[in-house]
Amino acid sequence: MFSNIGEWRRSVYCGEVSTDHIGREVTLMGWIQRRRDHGGLIFIDLRDREGIVQLVFNPERSKDVHERAHCLRNEYVIAVKGTVAKRPEGTENPSIRTGDVEVIVKEFRILNDSLQTPFVIEDRVEVTENLRLKYRYLDLRRTALQKNLILRHRVSMAVREFLSREGFIEIETPFLTKSTPEGARDFLVPSRLNPGTFYALPQSPQIFKQILMIAGFDRYFQIVKCFRDEDLRADRQPEFTQIDLEMSFVERDDVMGIVEGLLYHIFRTAVGIDLTLPFPRLTHSEAMERYGLDAPDTRFGLELRDVTGIVRGSAFKVFSDTIAKGGIVKAINAKGCGGFSRKDLDELTEYAKTFGAKGLAWIRILPEEWQSPIAKFLSDEEKRGLTEVLKPEPGDLILFSADDAKTANTVLGRIRLKIAERLDLIPKGGFEFVWVTDFPLLEYDEGEGRFKSVHHPFTSPMDEDVEKLATSPLEVRSKAYDIVLNGEEIGGGSIRIHRSDIQEDIFRRLGISDEEASRRFGFLLEALRYGTPPHGGIALGLDRLVAIIAGAESIRDVIAFPKTQKAVCLMSDAPSAVDTKQLDELSIKVIKRT
RNA sequence: GGGGCCGUAGUUAAGUUGGUUAUAACGCCGGCCUGUCACGCCGGAGGGCGCGGGUUCGAGUCCCGUCGGCCCCGCCA
């Protein structure tokens, strides 16, 4: 039954057979997508990477070939020789690219059969994700995923083209590297040759790329896997890919300019869209004030308003007490949401609570009155103030969050997104970029009782804020910048500290002792003393970028072999236990925990 | 560490206040069919409801536990 391909070689991809081939003999190799057996005529859709084409087995052409075609089933792999013909008038299929032609089969070889697949290989067939992940090789046969991975390839090519042209040199950095104390949890790799010691997989090539700048490469880039052992999300995998780059003798605008050029080139060549440059910029505090989040979705309005000044002395104690304690009150006018039911509002409140809100105050704007549990506490003056700021009209819904600034903003920022989703305010198919700049350098970690870097400890403070490091460290801004696309952070970078004295000072302020700093980062601190040029860079999340371009819900749909939320590969069943012998060689003993 | 949703033929789903033999569509198998393309028509096979307990005369339906998938909070310099 089976044949080898022998001397047969593909002459054209199934999806590329066109009217140009009419009358010519072609050789195709592919998978059987579907069989339509009319008893007489048999039609088979043959699929390969580029698409499908209809094969015709006609008993009048060859009784033998037609006879043999009866045993063909879905996902069998066959090679076909036949003549391309224009389809008879009226039988064209405009829904496929090859729909004007068909291949009259003269001869075919069955290269392999297939079990019945656990699910049908078709985009419109919805299958649960665990099944898709277990049979990833079948899932990847579907055109949607093939398209995504081909898009990903085109984006990668565009990156290499553009950055090479701009003088960036692609240099590989080690995967077996050193654990760093700050940041995410490391994946560790035991060293057999050095029992009891471990490499860490890189969370990013950060230090290596800085050292490449010290080494004088001037411009570096890499499309590189990074590893972080943290919990997964729709947009987070334990291993993910960064477009990593670093430049010497630059300031912030130079890096941002290169990234804008890079994204322009990516969208131009891989997507066919001309972006408008430059991208708008927001400072971090502006983003927080107007959108409540440091990754604002600027595709729609519905901006947050600060009403702290209006309700400072309010009889509604939740407002006035919060403000008295240093908090703020933010409000949003959800246009046209006045019809939200009590249940809707309760659900919204529950949602708000997941982000730390204690509650969510609301006012329904009716033609004659403001309907709300808090309306009776609001003075006429407060109502006037709110009216001026929020411009409420009958049918609107006003929502408030009162809390410390960060919580109040976050809560209402999330509510803003929820409302926009519900009101269908988010334009489909668009790409809105925005830079977020002027991040604080440090934040205070209550849990650990120390300062932490907002970006990373190598980020340079703003020159004009350096002296505030000693007096009011939380007010020091950094030379960090994030690039946000459609409300998702797709990259972040900064100008780095290029002086060892400042770097040591920052480590001290982060509560990292000189001893620890030298143990963990000693090689960097030493390198910084040997003529380090000013430098900075950025890393873009390739998975996220491609996912957004592809319109994918999750980055799993743009990664060939992704892991589940428990970081398991359902296809290969990694991670798994290993032989005691392997552990012995590594001087590792597994402790069972109850 | 926590919250929510989900798990029923190969697949996707339905399954009433617990009550005869667990439904449907697609897929699969067989037959018929020379212009279909989500081909059509006829016929057929296929599951005991993720797993383990419990309540009950009786459990996909209720309870407890457990495993797995997804979304989210924390976490992700």
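When reading the values below, keep in mind they use all heavy atoms of this one structure, side chains included, and skip hydrogens, waters and symmetry mates. Letters go in sequence order (proteins before strands), and every chain restarts at 1.
Contact annotation for A:Val56: no contact, since no heavy-atom pair falls under 4.0 Å across all strands. Within the nucleic acid shown, A:Glu60 comes within 4.0 Å of at least one base atom, counting heavy atoms only. As judged by a 4.0 angstrom heavy-atom cut-off over every strand, A:Arg132 is placed among residues making no nucleic acid contact. Heavy atoms of A:Thr459 sit nowhere under 4.0 angstrom from any nucleic acid atom. The residue A:Asp37 sits close to a base: some heavy atom pair falls under 4.0 Å. A:Glu350 comes within 4.0 angstrom of nothing in the nucleic acid, heavy atoms only. Among the protein residues, A:Arg34 comes within range of the sugar-phosphate backbone only, with heavy atoms under 4.0 Å from sugar or phosphate atoms but none that close to a base.
Of the candidate nucleotides B:rG68, B:rC33, B:rC73, B:rC73 has the atom nearest to the side chain of A:Phe355.
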Protein-nucleotides 7-14 of chain B N/O pairs under 3.5 Å:
from: B:rG10; atom 1: O2'; to: A:Pro118; atom 2: O; distance (Å): 2.8
from: B:rU11; atom 1: O4'; to: A:Pro118; atom 2: O; distance (Å): 3.4
from: B:rU12; atom 1: OP1; to: A:Thr128; atom 2: N; distance (Å): 2.8
from: B:rU12; atom 1: OP1; to: A:Thr128; atom 2: OG1; distance (Å): 2.6

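Residue pairs meeting the salt bridge (charged side-chain N to carboxylate O under 4.0 Å, His left out) criterion with at least one partner in residues 204-214 of chain A, sequence neighbours excluded, are A:Lys209-A:Asp244, A:Lys209-A:Glu246.
Residue whose closest nucleotide on RNA chain B sits further toward the 5' end, between A:Asn58 and A:Thr91: A:Asn58.
Distance check on atom P: B:rU66 versus B:rG1 gives 13 Å, rounded to whole Å. Atom C1' of B:rG35 sits at a distance of 13 Å from the matching atom of B:rG40, rounded to the whole Å. Separation of the C1' atoms belonging to B:rU56 and B:rC63 is 12 Å when rounded to the nearest angstrom.
For A:Met29, the side-chain contact (heavy atoms from CB on, under 4.5 Å) criterion is met by A:Ile5, A:Trp8, A:Arg10, A:Thr27, A:Ala79, A:Leu111, not counting sequence neighbours.
Results of the side chain to side chain contact (heavy atoms under 4.5 Å, CB included) test with A:Ile506 over A:Asp501, A:Thr459, A:Leu469 single out A:Leu469 as the only residue that passes.
For A:Arg73 against B:rG27, a side-chain-to-base donor-acceptor contact under 3.5 Å is absent. The base of B:rC37 sits with one of its N or O atoms less than 3.5 Å from a complementary donor or acceptor on the side chain of A:Arg87.
Side-chain nitrogen and oxygen atoms of A:Arg236 include none within less than 4.0 Å of the OP1 or OP2 phosphate oxygen of B:rC73.
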